[in-house]
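Here the structure comes first, spelled out in structure tokens, and everything after it is commentary.
Order of the sequence lines fixes the chain letters, A, B, ..., with proteins taken first and strands second; residue numbering starts at 1 for each chain.
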Amino acid sequence: MTLRALYRRLLNRYGPQGWWPLLGLHGRHGTNPTKTGSVEGYHPGDYSYPRTDRQRFEICIGAILTQNTGWPNAEKALRNLDGAGLLDAERMLAATEEELRKLIRPAGYYNQKARKLKALAAFYILLGGRTPSREELLALWGVGPETADSILLYAYHLPEFVVDAYTRRVLAAEGLATGKETYDEVKALCVKGLLQDVAVYQEFHALLVERAKRQVRKE
DNA sequence: AACCAGGACGTGA
DNA sequence: TCACGTCATGGT
């Protein structure tokens with residue numbers, strides 16, 4: 001089983017996943033009843049997002065909020081921020097950490113994440129619309145390899161493959177990895193075995209997560 | 001009622 | 001480097 005074959009098989013079985021989920025897409029692409037939690041934000045088969053700067057920032061913030069946290073919880077925090085009008089870099093930076101902590105509580109680690117959001121908002125403003133480099137993102141407090149690659153791949157459409165715990169688990173189960181590789185090693189493995197294309201990277205990562213989730217639930 | 005989630009950071013060896 | 005401990009809410 002090669003990576004490309006695994007990709008085709010998963011895409012054939014589960015269909016396009018429509019990552020990264022965004023707020024405010026109600027009904028635009030229909031719903032996906034196979035997903036748990038909120039489903040309106042996914043846009044299967046449409047790789048044109050983000051379409052606005054606000055959506056781009058939303059993805060960056062979501063990437064922080066979902067660290068070691070289920071998406072439904074992260075999305076609650078995201079909705080709270082949206083309801084407070086804080087899904088905006090300037091406003092988020094202007095908000096107090098106390099206020100942020102209160103709003104993002106459902107996502108867990110709210111002390112650390114409030115600080116991370118502030119750092120990211122300040123950085124985002126400093127960018128002034130420019131696309132950040134991976135090194136710049138990694139230099140930020142609170143942004144590690146997975147979060148950096150998620151931001152680059154889903155918010156900025158750069159071909160950076162995202163590796164997470166699910167990726168390692170599925171690849172190990174398929175005999176394509178041992179599970180002991182470093183982040184960069186797994187990433188290199190995937191890059192080597194796949195067509196180097198943003199849509200493929202976006203889709204394959206989402207499919208691996210879906211596959212792992214179903215496997216945990218014994219299909 | 002444990003167990004864990006779409007990680008990252010700090011510390012000591 | 002590497003192996004742990006810490007951070008925290010909510011779903012299963």
Side-chain angles (χ1 to χ4, degrees), chain A residues 10 14 16-23 32 34-39 41-44 49-50 58-81 97-98 100-120 123 132 134-156 160-173 177-187 190 201-219:
Chain A
L10 292 176
Y14 304 141
Q17 297 299 300
W19 278 38
W20 186 280
L22 289 162
L23 301 176
N32 183 346
T34 69
K35 287 195 179 306
T36 57
S38 177
V39 296
Y42 296 92
H43 40 90
Y49 292 97
E58 179 186 322
I59 293 173
C60 297
I61 296 309
I64 295 289
L65 292 174
T66 196
Q67 286 174 357
N68 201 38
T69 301
W71 181 253
N73 278 9
E75 191 184 272
K76 282 175 191 165
L78 212 48
R79 287 188 189 288
N80 288 345
L81 290 172
E97 264 192 39
E98 173 64 32
L100 291 179
R101 264 179 288 184
K102 201 161 42 180
L103 293 167
I104 68 174
R105 169 162 295 145
Y109 308 104
Y110 51 82
N111 291 304
Q112 292 190 347
K113 284 179 179 175
R115 187 176 151 204
K116 292 178 181 183
L117 292 188
K118 284 279 225 176
L120 184 59
F123 174 70
R134 191 168 192 268
E135 290 68 33
E136 285 177 310
L137 286 170
L138 290 176
L140 264 183
W141 189 85
V143 177
E146 184 187 340
T147 304
D149 287 334
S150 291
I151 289 174
L152 292 170
L153 179 62
Y154 290 105
Y156 289 96
E160 298 284 352
F161 192 81
V162 179
V163 175
D164 64 3
Y166 287 152
T167 309
R168 299 167 186 279
R169 213 171 296 171
V170 174
L171 293 189
T178 68
K180 293 181 228 165
E181 293 87 354
T182 66
Y183 183 96
D184 290 329
E185 285 169 347
V186 178
K187 181 175 174 179
C190 293
Y201 285 5
Q202 290 189 346
E203 198 61 74
F204 191 46
H205 173 70
L207 285 166
L208 288 172
V209 172
E210 184 64 17
R211 165 74 179 130
K213 284 181 175 172
R214 297 199 190 207
Q215 190 164 29
V216 168
R217 295 181 210 138
K218 310 298 182 214
E219 289 287 316

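- When all heavy atoms are compared, the tightest approach of A/Lys76 to A/Pro106 is CB-CB, 3.9 Å.
- The side chain of A/Lys76 places an N or O atom within less than 4.0 Å of a non-bridging phosphate oxygen (OP1 or OP2) of C/dG11.
- Qualifying side-chain hydrogen bond (donor to acceptor under 3.5 Å, both in side chains) partners for A/Glu181, counting only residues two or more places apart in sequence or in other chains: A/Thr178.
- Here A/Arg168 does not reach the OP1 or OP2 of B/dG7: none of its side-chain N or O atoms lies under 4.0 Å away.
- Applying the 4.0 Å criterion to OP1 and OP2 of B/dG6, one finds that A/Tyr166 has a side-chain N or O inside that range.
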| request: Could you encode protein contacts along nucleotides 8-13 of chain B as a string, one character per nucleotide from 5' to 3', using B for base contact, S for sugar-phosphate-only contact and - for no contact, with a heavy-atom cut-off of under 4.0 Å? | output: SSS---
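- Not a single side-chain hydrogen bond (donor to acceptor under 3.5 Å, both in side chains) links A/Glu135 to another residue, sequence neighbours left out.
- Between the P atom of C/dT9 and the OH atom of A/Tyr110 lies a distance of 5 Å, rounded to the nearest Å.
- Judged purely by distance below 3.5 Å, without hydrogens or angles, the side chains of A/Thr147 and A/Lys116 never pair a donor atom with an acceptor atom.
- One interatomic measurement links the two molecules: CD of A/Glu185 to C1' of C/dC2, which rounds to 14 Å at whole-angstrom precision.
- Regarding A/Tyr154, its OH atom lies at a distance of 9 Å from the C1' atom of B/dG6, rounded to whole Å.
- Looking at residues two or more places apart in sequence or on another chain, you find no side-chain hydrogen bond (donor to acceptor under 3.5 Å, both in side chains) involving A/Gln202.
- Regarding A/Asn73, its CG atom lies at a distance of 15 Å from the C1' atom of B/dG7, rounded to whole Å.
- Of the side-chain N and O atoms in A/Asn68, none sit less than 4.0 angstrom from OP1 or OP2 of B/dC4.
- A straight line from CD of A/Glu75 to P of C/dG10 spans 14 Å, rounded to a whole angstrom.
- Here A/Tyr109 pairs with A/Asn68 under the side-chain hydrogen bond (donor to acceptor under 3.5 Å, both in side chains) rule; sequence neighbours left out.
- The separation between A/Trp71 atom CH2 and C/dT9 atom C1' is 16 Å, rounded to whole Å.
- Screening residues 140-156 of chain A for salt bridge (Lys or Arg N to Asp or Glu O under 4.0 Å), with sequence neighbours left out, gives A/Arg134-A/Asp149, A/Asp149-A/Lys187.
- Distance A/Leu208 CG to B/dG6 C1': 12 Å, rounded to the nearest Å.
- The distance from atom NZ of A/Lys113 to atom P of B/dG7 is 9 Å, rounded to the nearest whole Å.
- When the side-chain nitrogen and oxygen atoms of A/Tyr109 are compared with OP1 and OP2 of C/dT9, none of them lie within a distance under 4.0 Å.
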